[in-house]
Amino acid sequence: MKKIRLRQVGVICLLLCLQSAMAQNPLIRNMYSADPSARVFGDSVYVFPSHDILATPGHGRVGWFCMEDYHVFASKDLTEWKDHGPILTQTNVPWAKPDGYSMWAPDCIYRNGKYYFYFPATPDSLYGRGFAIGVAVADHPWGPYVPQPTPIKKVHGIDPNVFIDKDGQAYLYWSQGNIYGAKLQDNMLELASEPVIFQDLPAKGLKEGPYVFEREGIYYLTFPHVENKTERLEYAMGQSPLGPFKMTGVIMDESATGCWTNHHSILPVKQQWYLFYHHNDYSPGFDKARSIRADSLSFNGDGTIRKVIPSLRGIGVTPVNSEIQPDRYSAISSRGAAIAFLDTGNRFKGWKTVLSAADAWVQYNTVDFGNKPFKSVLIQATAEGPGELEIHSGSATGPLIATVRVAANGDWKTIKARVSKHTSGIQNIVLVSKGNTPVAIDWIKFE
Ligand code: FUB
């Protein structure tokens, strides 16, 4: 009897952990997440973020970063992200303080059949003060990860990042005021050279979160830096993994919403490069409760990086028969359109788009209509008075796909309307208000 109950609990836990979400930005919709380290393993992209939680008296430092474990998220299409559940917890790391709540930005890399997960944490007093960096090893990206008994020797700091060069040599980077780098031994667990401090980076303003990659023979050292008041993402270019690196430019400007930190990773997936980073979307008033995001990144002909403008639409193609969230828009009219939380008491419920003037519009790009005709569109909407919406493809003046009448209902209703024009393939869709009655839209979906 006891065994059956345990098994049932196990299955329920597994189902709860393996939650998946159709995501734009932010990518993770049911918890805070930060410091995304993204990697391609096999046919999936895995993101290893930090997991921000809110400290309470006796559990972390109230008003500061608070992290007790890591989850890993995976996606085959960059749209649907599956949470594989917790992969490492502070109480399971032999050398870390079990109540440190300081499992900050991690990284993970594959080598010789194993996955090596690097993470910082506050060590037990035996291993010194501040932060140490440890490694946990697994046979699969989703774990189980087994932490090494001690942290890596001669490494004091945060934000580990690992890079394996074309010749097979692995490098570890981290930060502690400055940015450091060293060779790793083949076992990926110990340093193989003395750490170097990268010179020629900005002397003033905090630098942290290094992320190194190589493209067409150029090595990029990228990192958040406080040039003004909060962090922006910058980069330096060099000819080898340990530099010298020459400061080159800015990848992403400071957050418009005032999130003090940013932390990122950069990688190609099927020929397209992406920047994973974080903002504080679900927590506008407290920037230590963050959310990971991703946007496309591209290079100029000389290898310099084009600045990435953060978007809500993010990456990935959205299936037309899923709940499309226009509040994660690609473009929006300058008047009569606004985005707001659905429920300020539970911000994880997401956002709504409010169109409140005639001809106000919101555009959502890269929706996959496939090649079968759709008969109807469903819209989750509400309006105080009678409203009318048009759905166009391409642009606000593009072909009209459907007209939706929203009755004065004062409450959320799923409204069904006939699709008047068949469209196929990947399309941008635009919702246009045809009246001055404010209409709030949660999602739309074709069937
Ligand atoms: O998440 C805690 C710290 O904030 C990270 O380690 C830094 O890179 C910054 O994002």
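Only this structure's heavy atoms are used, side chains among them; waters, hydrogens and symmetry mates stay out.
Among residues at least two apart or in separate chains, salt bridge (Lys or Arg N to Asp or Glu O under 4.0 Å) pairs with a member in residues 326-348 are Asp343-Lys349. Within the structure, salt bridge (Lys or Arg N to Asp or Glu O under 4.0 Å) pairs that include any residue of residues 307-318 comprise Asp253-Lys307 (at least two apart or interchain). Under the ring-ring contact (aromatic ring centres under 6.0 Å, His included) criterion, the residue pairs touching residues 24-57 are Tyr32-Phe348, Phe41-Tyr46, Phe41-Tyr115, Phe48-Phe117, His51-His71, with sequence neighbours excluded. Residue pairs that meet the ring-ring contact (aromatic ring centres under 6.0 Å, His included) test with at least one member in residues 237-258, sequence neighbours left out, are Phe198-Phe245.
Gln272 places a side-chain N or O within donor-acceptor distance of the main-chain N or O of Leu297, the cut-off being under 3.5 Å. At distances below 3.5 Å, at least one donor-acceptor pair connects side-chain atoms of Ser283 with backbone N or O atoms of Phe286. Side-chain N or O atoms of Glu214 include one that pairs as donor or acceptor with a backbone N or O of Gly217 at under 3.5 Å. The closest donor-acceptor contact from the side chain of Ser37 to the backbone of Asp35 lies at 3.5 Å or more, if one exists at all. Formation of a donor-acceptor pair under 3.5 Å by the Gln169 side chain with backbone atoms of Asp186 is not found in this model. Judged by distance alone, the side chain of Ser33 and the main-chain N or O of Pro49 form no donor-acceptor pair under 3.5 Å. One N or O on the side chain of Ser330 and one on the backbone of Asn365 form a donor-acceptor pair closer than 3.5 Å. Between the His392 side chain and the Asn428 main chain, no donor and acceptor come within less than 3.5 Å of each other. Distance alone, capped at 3.5 Å, places no donor-acceptor pair between the Asp69 side chain and the Thr89 backbone. Checked by atom type and distance alone, the side chain of Ser333 pairs as donor or acceptor with a backbone atom of Trp361 at under 3.5 Å.
Counting all heavy atoms, side chain and backbone alike, Asp442 lies closest to Pro326 at O-CD, 3.8 Å. Looking at every heavy atom in both residues, Pro160 comes nearest to Ala105 through CD-O, 3.2 Å. In plain terms, the two heavy atoms of Gly60 and Ala55 that are nearest each other are C-CB, 3.9 Å. The minimum heavy-atom distance linking Gln90 with Gly100 is given by the pair OE1-N, 3.4 Å. Listed here is the closest heavy atom pair of Trp443 and Gln325: CB-NE2, 4.1 Å. Closest approach of Ile332 to Ala337, counting heavy atoms only: CG1-CB, 3.6 Å.
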Notebook entry, point to check: Should Val269 and Ile315 be marked as a side-chain contact (heavy atoms from CB on, under 4.5 Å) after you check the CA-CA gap, both sets of side-chain angles, and the distance that decides it?
Noted result: CA-CA 11 Å; Val269 183; Ile315 60 175; over 6 Å; no
Notebook entry, point to check: Run the side-chain contact (heavy atoms from CB on, under 4.5 Å) check on Ile109 and Arg39 step by step: do they pass?
Noted result: CA-CA 7 Å; Ile109 206 138; Arg39 298 282 178 195; 4.0 Å; yes
Notebook entry, point to check: Is there a side-chain contact (heavy atoms from CB on, under 4.5 Å) between Lys246 and Met237 once you walk through the steps?
Noted result: CA-CA 5 Å; Lys246 189 173 174 303; Met237 289 159 74; 5.7 Å; no
Next item on the list: Just do the side-chain contact (heavy atoms from CB on, under 4.5 Å) check on Met188 and Ile164 with the steps written out, would you?
Entry: CA-CA 10 Å; Met188 302 296 278; Ile164 303 179; 4.0 Å; yes
Next item on the list: Please test Thr318 against Tyr364 for side chain to side chain donor-acceptor pair (under 3.5 Å), starting from the C-alpha separation and ending with a verdict.
Entry: CA-CA 10 Å; Thr318 305; Tyr364 184 99; 2.6 Å; yes
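Side chains of Asp368 and Pro319 form no contact here, defined as non-hydrogen atoms less than 4.5 Å apart. Taking 4.5 Å as the limit, every side-chain heavy atom of His264 sits out of range of all side-chain heavy atoms of Phe276. No side-chain heavy atom of Ile305 sits under 4.5 Å from any side-chain heavy atom of Leu275. Side-chain contact check for Thr304 versus Tyr235: some heavy-atom pair is nearer than 4.5 Å. Between Pro202 and Glu234, the closest side-chain pair of non-hydrogen atoms falls below 4.5 Å. Side chains of Ser296 and Tyr274 form a contact here, defined as non-hydrogen atoms less than 4.5 Å apart. Side chains of Phe73 and Asp83 form a contact here, defined as non-hydrogen atoms less than 4.5 Å apart. Using a 4.5 Å cut-off on side-chain heavy atoms (C-beta onward), Tyr70 and Met103 make contact.
The CG atom of Asn178 sits 10.0 Å away from atom CG of Leu206, with the distance rounded to the nearest 0.5 Å. A distance of 9.5 Å separates NE2 in His263 from CG in Leu233, rounded to the nearest 0.5 Å. Ser433 OG to Glu390 CD: the interatomic distance, rounded to the nearest 0.5 Å, is 9.5 Å. Once rounded to the nearest 0.5 Å, the distance linking CD1 of Ile266 with CZ of Phe213 reads 4.5 Å. Taken from CD1 in Ile179 to CG in Leu221, the straight-line distance is 5.5 Å, to the nearest 0.5 Å. Rounding to the nearest 0.5 Å gives a distance of 5.0 Å between CD1 of Ile391 and CG of Leu431.
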Scan the side chains in residues 287-294 for donor-acceptor partners under 3.5 Å anywhere in the protein, sequence neighbours excluded, and list what turns up.
unit_1: Asp287; atom_1: OD2; unit_2: Trp260; atom_2: N; d: 2.9
unit_1: Arg290; atom_1: NE; unit_2: Asp52; atom_2: OD2; d: 2.8
unit_1: Arg290; atom_1: NH1; unit_2: Thr261; atom_2: OG1; d: 3.0
unit_1: Arg290; atom_1: NH2; unit_2: Asp52; atom_2: OD1; d: 3.0
unit_1: Arg290; atom_1: NH2; unit_2: Asp52; atom_2: OD2; d: 3.4
unit_1: Arg293; atom_1: NE; unit_2: Asp281; atom_2: OD1; d: 3.0
unit_1: Arg293; atom_1: NE; unit_2: Asp281; atom_2: OD2; d: 3.3
unit_1: Arg293; atom_1: NH1; unit_2: Tyr277; atom_2: OH; d: 3.2
unit_1: Arg293; atom_1: NH1; unit_2: Ser311; atom_2: O; d: 3.2
unit_1: Arg293; atom_1: NH2; unit_2: Asp281; atom_2: OD2; d: 2.7

Which donor-acceptor pairs under 3.5 Å do side chains of residues 131-155 form with protein atoms, sequence neighbours excluded?
unit_1: Asp139; atom_1: OD1; unit_2: Lys114; atom_2: NZ; d: 2.6
unit_1: Tyr145; atom_1: OH; unit_2: Pro141; atom_2: O; d: 2.7
unit_1: Lys154; atom_1: NZ; unit_2: Glu194; atom_2: OE2; d: 2.7

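Residues Asp77 and Ser75 bring a donor and an acceptor atom of their side chains to less than 3.5 Å of each other. The closest side-chain donor-acceptor pair between Asn262 and Arg232, if any, does not fall under 3.5 angstrom. Between the side chains of Thr257 and Ser255, a donor-acceptor pair is found at a separation under 3.5 Å.
Evaluated for a side chain to side chain contact (heavy atoms under 4.5 Å, CB included) with Phe119, the options Leu88, Ile87, Asp107 yield exactly one hit, Leu88. Partner Tyr180 forms a ring-ring contact (aromatic ring centres under 6.0 Å, His included) with one of Phe223, Trp174, Tyr171 and no other, that one being Trp174. Looking at Trp273, Phe299, Phe163 one by one, the single match for ring-ring contact (aromatic ring centres under 6.0 Å, His included) with Tyr220 turns out to be Phe299.
Within 6.0 Å of CG in Asn228 there are more than 12 heavy atoms belonging to other residues, nucleotides or ligands.
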